[in-house]
Amino acid sequence: MYSICPRGMVHQSRRGVVSMADKEWTGMTDSDGPQGVPAADIRSQRLEKREQLRQAGQCPYGFRVDGLLSTARAREMCAAEAAADSAAPQARVAGRIMAKRDMGKSLFLDLRDAEGRLQLYVQRQAVGDEDFARLKTFDIGDILTAAGTMFVTRTGEISLRVAEFRLLSKSLRPLPEKWHGLTDVEQRYRQRYLDLLCNEDAGRVFRRRIAIIRALRQYLDERGFLEVETPMMQPLAGGAAARPFKTYYHALGCPMYLRIAPELYLKRLLVGGMEKVYEINRNFRNEGLSRRHNPEFTMLELYQAYSDCRGMMSLVEDMIAAVARDVLGATAVRVGDREIDLAPPWRRVHYADLVRETMGADWYDLAPEVQRLRACEKDLGVDAGWTPEAVTHEIYEKIIEPTLIQPTFVTRLPAWLVPLARRCDDDPSVVDVYELEINGQEISPGYSELNDPVEQRSRFGEQLAAAGNDDVAVDRIDEDFLTAMEYGMPPAGGLGLGIDRLVMILTGAESIRDVILFPQMRPAT
RNA sequence: GCCUCCGUAGCUCAGUUGGCAGAGCAACUGACUCUUAAUCAGUGGGUCGUAGGUUCAAGUCCUACCGGGGGUACCA
């Protein structure tokens, strides 16, 4: 809102004219008094305090602090020393003032750092009249360092009796209210730093996200997987059916795409002899926003030579359970009012069996008109133009999928749904893949990868023809990838795992925006 | 994109059938040397998202737009 506008300041000093930009910069308004010191504007008051500190020879923006203890460590020390009944320990801490309680000749401050809070107790006689008066002008939100002696107050709170302090950063804007915090979701997403400052839950969620990703890496590293990085800017956006973001590379004079999947590069690495590879990184898809979709999202993609779809199921099942045990210490999680148990083994069920379970054992023997009628009875808007496959899949997506709360591997999907996957040897109408559903959401797909370059080429061709002229991912065939395939790719299992959605499940978050630090928002006006 | 709900002080929220825009916290002035949502006395702070319209009169009713939540569509 207040753009840093040094040019505006220059204008002010050079011409003595206060332009619109100058007013924004200084926080002045038209109702300001003749000295340009508005009585009401908090930001202007604080700019004035900042100036007064400077004029008193006090730098309102300090620098490096040595010998710091975290507030948590300072507390521990105090508790330990109290138990040992020895001399009171000395400590230096630094952090942000979150609350201020002025008692006249003494003052309590709540100081917050990365690991917690600590109460500071400052007495006028201990720091001297001048410093004490200056401390009284400090605001909630200011960052300072303080040193002194740890002690326990009469009401039992571990505190620091301050002997000396120094301002490290003067805050110019008031923090959200101490009791309710920041609840406006829009502001929590746009100004995440305020959310992290005011809402402890936000910090917990993101710390857990970090722990989950660390645990995934550790699990895979221990099993001999190599973590690699493949291009995020690609001349062709392949590996998935999604609309890409398009950009332009000036040096090469050609269009580039943000990747929609790392798949085709990871498979090149299989050709190159890396037998177990994975990548955890962002994919970008030019799609709408929703509670479950962010246009850039984090994905684990993994390939293992000489494995297959079943190998991938065992791997992902064991991996997610291990991560849950590591991060939560349990395999049971709560999402909303639902209890989800991630302890293996997970249910494995054929797509067609799920459909028969819901629609009757004779579903696939019914005439198309009867199927459409049954679908309409379930309040699905299908009309005569729909193929039987499409009707069946609509039932799967709208009726069956939302009921798959406990972890479920859905296998043997119709081949038309997953055109690039390897077909099952005993039935070419279905493919050898799984889709893992948890809490009614697709969390992870897994495949027996196609490694026949001739078959792959013809599938790409079909996909291209089906895509038509839409600005979809595939506008030409990735010849370089097919060349790699023609050198020979080992048979392999592959899987993708949506990290954001996994984090949602393991933190109980209802919206993907609550597990992404800076979710995509429309630019504010 | 479509449907629907929401937008009032820095933050959290009231605001009646259309009739002078409010409270708590934060801020400012003062009191108080163990408080912790400190307390007590006083003070200031508003383009009611934006722009139109109806009306003697609009935070309130109508229209459009901007931003957000939820749903839906696109979506291996």
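So that the names make sense, note that chain A is the first sequence line, chain B the second, and so on, each numbered from 1.
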Does [X] get its side chain close enough to the base of [N], under 3.5 Å, for a donor-acceptor pair?
{"X": "A/Glu157", "N": "B/U35", "answer": "no"}
{"X": "A/Ser106", "N": "B/U35", "answer": "no"}
{"X": "A/His293", "N": "B/C75", "answer": "yes"}

Nearest-Å distance once atom [atom1] is located in both [N] and [M]:
{"N": "B/G68", "M": "B/G30", "atom1": "C1'", "answer": "43 Å"}
{"N": "B/U8", "M": "B/A76", "atom1": "P", "answer": "39 Å"}
{"N": "B/G7", "M": "B/G44", "atom1": "C1'", "answer": "26 Å"}
{"N": "B/G59", "M": "B/A9", "atom1": "C1'", "answer": "14 Å"}
{"N": "B/A21", "M": "B/A26", "atom1": "P", "answer": "27 Å"}
{"N": "B/U55", "M": "B/U60", "atom1": "P", "answer": "16 Å"}
{"N": "B/C48", "M": "B/C20", "atom1": "C1'", "answer": "15 Å"}
{"N": "B/G24", "M": "B/G15", "atom1": "C1'", "answer": "15 Å"}

[X] with [Y]: basic N within carboxylate O range, under 4.0 Å:
{"X": "A/Asp308", "Y": "A/Arg310", "answer": "yes"}
{"X": "A/Arg54", "Y": "A/Glu51", "answer": "yes"}
{"X": "A/Arg422", "Y": "A/Asp452", "answer": "no"}

Between [options], which nucleotide gets closest to the side-chain atoms of [X]?
{"X": "A/Lys136", "options": "B/C32, B/G68, B/A27", "answer": "B/C32"}
{"X": "A/Arg101", "options": "B/A73, B/A38, B/A76", "answer": "B/A38"}
{"X": "A/Gln45", "options": "B/G71, B/A27, B/G70", "answer": "B/A27"}
{"X": "A/His180", "options": "B/A26, B/G70, B/U12", "answer": "B/U12"}
{"X": "A/Tyr447", "options": "B/G68, B/A38, B/A76", "answer": "B/A76"}
{"X": "A/Lys398", "options": "B/U33, B/A27, B/A73", "answer": "B/A73"}
{"X": "A/Ala99", "options": "B/C11, B/U33, B/A38", "answer": "B/A38"}
{"X": "A/Leu182", "options": "B/C11, B/G70, B/A27", "answer": "B/C11"}

Write down the distance between [atom1] ([X]) and [atom2] ([N]), rounded to a whole number of angstrom.
{"X": "A/Glu177", "N": "B/C25", "atom1": "CD", "atom2": "C1'", "value": "4 Å"}
{"X": "A/Met521", "N": "B/G67", "atom1": "CE", "atom2": "C1'", "value": "8 Å"}
{"X": "A/Glu394", "N": "B/U72", "atom1": "CD", "atom2": "C1'", "value": "12 Å"}
{"X": "A/Glu186", "N": "B/G70", "atom1": "CD", "atom2": "P", "value": "12 Å"}
{"X": "A/Ile42", "N": "B/A9", "atom1": "CD1", "atom2": "P", "value": "13 Å"}
{"X": "A/Leu289", "N": "B/C2", "atom1": "CG", "atom2": "P", "value": "15 Å"}
{"X": "A/Met103", "N": "B/C40", "atom1": "CE", "atom2": "P", "value": "13 Å"}
{"X": "A/Leu172", "N": "B/A27", "atom1": "CG", "atom2": "P", "value": "15 Å"}

So [X], base contact, sugar-phosphate only, or nothing? Heavy-atom distance under 4.0 Å.
{"X": "A/Arg117", "result": "nothing"}
{"X": "A/Asp184", "result": "sugar-phosphate"}
{"X": "A/Asp102", "result": "base"}
{"X": "A/Gly181", "result": "sugar-phosphate"}
{"X": "A/Glu301", "result": "nothing"}
{"X": "A/Arg190", "result": "sugar-phosphate"}
{"X": "A/Thr153", "result": "base"}
{"X": "A/Arg291", "result": "sugar-phosphate"}
{"X": "A/Lys100", "result": "nothing"}
{"X": "A/Phe132", "result": "nothing"}
{"X": "A/Gln125", "result": "base"}

For [N] and [X] - does any side-chain N or O of the residue sit under 4.0 Å from the phosphate oxygens OP1/OP2?
{"X": "A/Ser290", "N": "B/A73", "result": "no"}
{"X": "A/Lys178", "N": "B/A26", "result": "yes"}
{"X": "A/Arg522", "N": "B/C65", "result": "no"}

Both distances under 3.5 Å, Watson-Crick or G-U wobble: on that basis, could you give the dot-bracket string for RNA chain B, with [ ] for crossing pairs and | for other-strand partners?
(((((((..((((.....[..)))).(((((.......))))).....(((((..]....))))))))))))....
Run the numbers on A/Arg268 and A/Asp478 for salt bridge (charged side-chain N to carboxylate O under 4.0 Å, His left out), then give the verdict.
CA-CA 12 Å; A/Arg268 284 166 167 93; A/Asp478 191 337; 3.3 Å; yes
On a heavy-atom basis, the closest approach of A/Thr137 and A/Lys170 is O-NZ, 3.9 Å
Side-chain polar contacts of residues 393-401 of chain A - donor-acceptor pairs under 3.5 angstrom, sequence neighbours left out - could you list them?
| unit_1 | atom_1 | unit_2 | atom_2 | d |
| --- | --- | --- | --- | --- |
| A/His393 | ND1 | A/Tyr351 | OH | 2.8 |
| A/Glu394 | OE2 | A/Lys398 | NZ | 2.9 |

Taking the six-membered ring of A/Phe460 as reference, does the cationic atom of A/Arg457 (NZ for Lys, CZ for Arg) lie under 6.0 Å from its centre and within 45° of its axis?
no
Between the side chains of [X] and [Y], is a donor N or O closer than 3.5 angstrom to an acceptor N or O?
{"X": "A/Thr71", "Y": "A/Asp113", "answer": "yes"}
{"X": "A/Tyr447", "Y": "A/Glu449", "answer": "no"}
{"X": "A/Thr230", "Y": "A/Arg259", "answer": "yes"}

Between A/Pro176 and A/Val418, who's closer to the 5' end of RNA chain B by nearest nucleotide?
A/Pro176
Along RNA chain B (nearest heavy atom to each residue), the more 5'-positioned of A/Gln187 and A/Ile140
A/Gln187
Which label fits A/Phe284 and A/Phe245: parallel for a plane angle under 30°, tilted from 30 to 60°, or perpendicular past 60°?
perpendicular
